[in-house]
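Reading through the structure tokens given below for one structure.
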Amino acid sequence: MDSATDNKSNNNNYFYCKGNDEIISWFERSAENAAAIQRQTLRRILELNHRVEYLNKWIGDIRLIQDENALESLYATMVPLASHADFEPYIHKIADGEKAPLLTQEPITTLSLSSGTTEGRQKFVPFTHHSSQTTLQIFKLAAAYRSRIYSIREGGKVLEFIYSSKQYKTKGGLIAGTATTHYYASEEFKIKQQHTKSFTCSPEEVISSGDYKQSTYCHLLLGLYFSEEVEFVTSTFAYSIVQAFRSFEELWKELCHDIREGTLSSRINITKVRKTVLGIIVPHPELASRIESICEELEREDWFSIIPRLWPNVKYVYSIMTGSMQPYLNKLRHYAGNLPLVSADYGSTESWIGVNVEPSSPPEKVTFAVIPTFSYFEFIPLHRTNDDFIEDDPVPLSQVKIGQEYEIVLTTFTGLYRYRLGDVVEVIGFHKKTPKLNFICRRKLILTVNIDKNTEKDLQLVVERGSQILLSKSRAELVDFTSHANVAKRPGHYVIYWEIKGDVEEKVLGECCREMDASFVDHGYVVSRKTNSIGPLELCIVERGTFKKILEHFIGNGAALSQFKTPRCTSNQVLLRILNVCTMKRFYSTAYG
Ligand code: AMP
């Protein structure tokens, strides 16, 4: 390829701005010129990675033609759509220390581990300086939009439930860990705090302790200690906030004791964490008494509105609440009382994608405006038929249509070319000229026995129907759920595992089971149930703490709590063993006779 393009003219589009107004106008300009910027982004990626082994295979020595429209269509014609499996051999070689430019010209020194909880398997993805820069950029941008609606005090604190996983070295000496871990360890994380003038309550030693229980305890302790100064509560995914406050319900007396005495529970046994936290807190008896009396009341009220009660200056709760986080919204609302819930941005280990430019939208309605400088995006139109998605040819960002569902394809600065991300989104409208996306679900079908096909979203809707019965007819609540398509015996059938908190009569659980079975609307499922080629749905009630064991299984394998998403369907034998050993009661649906 010929790299004769004028790079300088493009650089303004990538300019990292300083103040809130500047960053918003930078984005608004980018959004206004989204189509042209996307073409420039593609050109930049190709110029930077000219002649890397992967691209050579598809575009060889082709000259980089000047017309960016032509380049866009040439690229789509010559480079095939790919999945992670296509990049895996290259990434493995890089991990093993291969120095030749395989995916990028700039050497890759860090690898990110995707959470793997959606795919069932963790994947390595290249991570470069560009990855932390875009993380910083989207965080600054989102903070700027939030500040237009919810102003927060400069120099205030943030109660952030964030967790690094362990970083380790690959055979070839590259640093590997989750993307969030690399980010928390990067200069950009510090810059973000300076820029947004909001500072995390917990020091780095707490974030990177490597033991999520100890980190959670310290996050809560320091959050309480600085409670007057906390301006908002946040985490990457909503799950971590819910998990932290569930722990709080058990830990509050111990936390109050530590605040009163200026001590640290013996639960915390990591020396550097102990030393750092003890270096921060001093005895604070009045604060401890205030928290204690509020908690005594809160305990009677099932911890409703705990966040504003204990953190009186908090303006909002901020986290990813869409997609697989939606099932935690009820609990989050319960803890947040009347505080606004602000849904955080859309991205993946592979690339950031879109920013929430309307922070006051309720989480159920939130959309994400695509950031056209971050990666080159393509969209595969998906048409739903009775039993599957039918695909059209991918289109560039400039050609997406409102109301259409698409699978996202990424070409990144980190060496992924036409990479199918596997997420399904719907275009809801445009912000200037960049599409606003609604996250629908992961593309992969999760439940299928024969001709039936159900996605994560389908399952989520069905579980919501069942849990409404639970809520209305008992005092119990659904803590978490997953599912499995059991085809070991004929006819195969769906199994849904529920962990619940509170007492509930068996009759009600039987009703929940029946309702869920009857709520799958997929044609293939309904027909198969009617003809009994799929057997009655089985609802398994697992004992309390089962999903914590699942979390621990993932964390033990290198996942970080910050990126954890409960798998909504599993055929992983270890998980199934945990679920089956912990099953206390089973119900079979009576729907369909
Ligand atoms: P990871 O593999 O851990 O990087 O997780 C990335 C995946 O999380 C994305 O591909 C999405 O499926 C999901 N995700 C990320 N951000 C959001 C969001 N704002 N709403 C819904 N799902 C999201």
Side-chain angles (χ1 to χ4, degrees), residues 83-84 111-127 131-132 134-135 138-139 141-142 162-165 176-183 234-240 318-329 332 341-359 361-371 374-375 377 405-410 412 414 416 419-426 428 436-444 446 455-457 460 551 554-555 557-569:
S83 66
H84 189 268
L111 291 176
S112 287
L113 206 52
S114 78
S115 61
T117 45
T118 39
E119 284 288 323
R121 193 168 71 87
Q122 289 177 310
K123 298 173 296 190
F124 275 126
V125 177
F127 182 98
S131 319
S132 4
T134 51
T135 304
I138 196 168
F139 283 5
L141 182 60
I162 51 179
Y163 306 81
S164 293
S165 65
T178 60
T180 41
T181 302
H182 301 323
Y183 173 66
T234 186
S235 69
T236 312
F237 287 98
Y239 173 85
S240 312
Y318 178 59
S319 189
I320 292 175
M321 301 171 189
T322 32
S324 60
M325 294 298 127
Q326 229 168 323
Y328 307 110
L329 257 182
L332 197 59
L341 297 183
V342 182
S343 200
D345 310 299
Y346 172 34
S348 62
T349 302
E350 292 83 348
S351 169
W352 279 103
I353 298 164
V355 59
N356 175 5
V357 295
E358 290 150 327
S361 312
E364 290 84 353
K365 297 224 169 103
V366 75
T367 59
F368 306 101
V370 176
I371 303 180
F374 279 9
S375 286
F377 301 98
E405 287 187 352
Y406 297 94
E407 180 186 339
I408 293 192
V409 176
L410 300 170
T412 69
T414 57
L416 303 173
Y419 172 101
R420 298 179 75 137
L421 183 61
D423 283 352
V424 180
V425 296
E426 182 186 348
I428 294 294
K436 283 200 294 189
L437 311 176
N438 180 359
F439 180 88
I440 304 287
C441 59
R442 298 285 302 169
R443 163 89 194 256
K444 217 173 126 223
I446 62 164
T455 63
E456 180 171 340
K457 178 96 177 181
Q460 210 163 292
L551 166 71
F554 277 102
I555 298 225
N557 283 342
L561 182 55
S562 275
Q563 274 176 247
F564 180 75
K565 303 167 206 76
T566 299
R568 294 301 177 205
C569 180

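Sequence positions, counted from 1, serve as the residue numbers for this chain. Both ligands and their constituent atoms are indexed starting at 1 by order of listing.
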Exercise: do Y328 and S240 side chains pair donor with acceptor under 3.5 Å: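 No - no donor-acceptor pair under 3.5 Å links their side chains.
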Residues S114 and T349: side-chain donor-acceptor under 3.5 angstrom: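 Judged by distance alone, the side chains do not pair up.
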Using a 4.0 Å heavy-atom cut-off, say whether [X] meets ligand 1 through its side chain, its backbone, both or neither.
X: Y346; result: both
X: D423; result: side chain
X: M325; result: neither
X: S343; result: neither
X: T178; result: neither
X: T349; result: both
X: K565; result: side chain

At a 4.0 Å threshold, what atoms of ligand 1 neighbour a non-hydrogen atom of [X]?
X: S348; answer: 4 (O), 6 (C), 10 (O)
X: R442; answer: 10 (O), 12 (O)
X: A344; answer: 19 (N)
X: F368; answer: 19 (N)
X: G323; answer: 21 (C)
X: S114; answer: 2 (O)

Sub-3.5 Å N/O-N/O distance, Q563 and ligand 1: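 Yes, since at least one N or O of Q563 sits under 3.5 Å from an N or O of ligand 1.
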F237/F564 aromatic ring centres below 6.0 Å: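 No, the ring of F237 stays outside the 6.0 Å limit from the ring of F564, centre to centre.
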F377 ring center within less than 6.0 Å of Y406 ring center: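 No, too far apart.
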Sole candidate of L561, I320, L332 that passes side chain to side chain contact (heavy atoms under 4.5 Å, CB included) when paired with Y239: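 Single side chain to side chain contact (heavy atoms under 4.5 Å, CB included) partner of Y239 among L561, I320, L332: L561.
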Partners passing side chain to side chain donor-acceptor pair (under 3.5 Å) against T135 (at least two apart in sequence or in another chain):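 For T135, the residues satisfying side chain to side chain donor-acceptor pair (under 3.5 Å) (neighbours in sequence not counted) are W352.
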By side chain to side chain donor-acceptor pair (under 3.5 Å) - contacts of T412 (at least two apart):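 With neighbours one apart ignored, the set is T414.
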Gap between atom CD of E364 and atom CG of L341 - 0.5 Å precision: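 Reported value, rounded in 0.5 Å steps: 8.5 Å.
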Derivation and outcome, salt bridge (Lys or Arg N to Asp or Glu O under 4.0 Å), residues E407 and R443: CA-CA 7 Å; E407 180 186 339; R443 163 89 194 256; 2.9 Å; yes
